[in-house]
Every structure is written in structure tokens, then in C-alpha cells.
Amino acid sequence: MDRTADKMALFRSELRKRVLDVLESSEGKRRLTDSMNGLKEVSESLRVALAADLPRIDAFTSQCNDLFLAPGPNQEFILDICGQGNAACFADPRSVRVSC
């Protein structure tokens with residue numbers, strides 16, 4: 001190494017080789033591969049679920065798109081998204097609404 005003009009470049013090159021050698025046969029690589037495979041499975045499950053529920057999602061966004069924000073009795077804010085079970089207003093105890 002003392003004969004090399006650019007010692008830092010040689011050091012980086014050797015370090016890179018050794019790190020890659022360790023990664024090729026390490027527990028870290030196995031864990032990373034397992035995690036990537038798990039992510040692939042979960043993303044496929046999400047794709048299937050979204051494809052199955054897409055008509056319901058479309059209906060919600062096209063029919064349930066009025067948002068109402070109002071203060072509650074304790075000065076908290078209530079977000080009334082839309083009616084789900086009937087047309088009763090939010091304050092009616094019989095109302096079935098999506099809210100938070």
C-alpha cells in the first residue's frame with residue numbers, strides 16, 4: 001500500500017471488496033432477503049384486497065364526499081363524513097354515520 005500514490009482510493013477499494021464478501025455470506029443478507037420476500041407477500045395481499053374492494057372505494061368517494069366539521073358540546077371538533085345506515089342528522093341518536 002505504501003507504493004500506491006492514491007492510498008485512500010486503494011483503501012476504499014479493498015474495504016468495498018471485503019464488505020461485499022461479508023455481505024454475500026452474512027446473516028444480514030439472509031434477514032434482508034427474508035424481509036424483502038415478506039414485503040412482496042404483503043404487497044400482493046394488499047393488491048388483491050384493493051382490487052376486491054375497489055367498487056366500494058369508488059362508491060364511497062363518489063357518494064360520500066361531503067365533509068362537515070363542527071364543534072361538539074365540549075368544544076371538541078367532530079368531523080362528520082357521511083351517513084351510512086340512514087339519513088338522520090349527526091345529532092340524532094338514531095343516526096348511523098361515519099365520523100371522528
Side-chain angles (χ1 to χ4, degrees):
M1 189 156 133
D2 58 334
R3 295 180 188 182
T4 304
D6 190 355
K7 291 180 180 162
M8 191 52 117
L10 177 62
F11 175 75
R12 285 183 182 141
S13 173
E14 289 299 315
L15 182 62
R16 198 171 285 121
K17 286 179 198 173
R18 291 176 194 209
V19 167
L20 289 175
D21 286 345
V22 169
L23 288 177
E24 287 296 319
S25 60
S26 72
E27 174 70 11
K29 181 178 180 183
R30 185 196 61 76
R31 288 176 51 203
L32 179 60
T33 301
D34 290 349
S35 294
M36 288 171 48
N37 289 335
L39 180 60
K40 184 177 179 182
E41 291 173 15
V42 170
S43 65
E44 178 60 19
S45 296
L46 177 60
R47 187 194 65 75
V48 169
L50 286 174
D53 286 338
L54 193 56
R56 293 175 59 209
I57 294 168
D58 285 340
F60 178 82
T61 57
S62 65
Q63 299 168 12
C64 241
N65 58 0
D66 292 330
L67 301 176
F68 302 98
L69 184 63
N74 297 319
Q75 297 306 308
E76 75 278 13
F77 282 95
I78 300 170
L79 177 60
D80 182 17
I81 298 173
C82 68
Q84 287 295 293
N86 55 41
C89 292
F90 185 81
D92 188 324
R94 297 170 297 157
S95 70
V96 181
R97 306 191 66 78
V98 174
S99 60
C100 60

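All values derive from a computational prediction rather than experimental measurement.
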Tell me every residue that passes side chain to side chain contact (heavy atoms under 4.5 Å, CB included) with [X], counting only those two or more places apart in sequence or in another chain.
X: K40; result: none
X: L39; result: none
X: R30; result: E27, D34
X: E41; result: none

Review item, side-chain donor-acceptor pairs of residues 46-56, under 3.5 Å, at least two apart:
residue : atom : partner : partner atom : Å
R47     : NE   : E44     : OE1          : 3.1
R47     : NE   : E44     : OE2          : 3.4
R47     : NH2  : E44     : OE2          : 2.7

Exercise. Apart from M36 itself, what residues make up its hydrophobic cluster, given side-chain heavy atom links below 4.5 Å?
Worked result: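 In the cluster with M36 are L32.
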For this session: Look at the side chain of S35 and the backbone N and O of R31, then say whether any donor-acceptor pair between them is shorter than 3.5 Å.
Result: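 Yes, S35 side chain to R31 backbone: donor-acceptor pair under 3.5 Å.
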Exercise. Once you round to the nearest 0.5 Å, how far does CZ of R16 lie from CD of E14?
Worked result: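 If I round to the nearest 0.5 Å, the distance is 11.0 Å.
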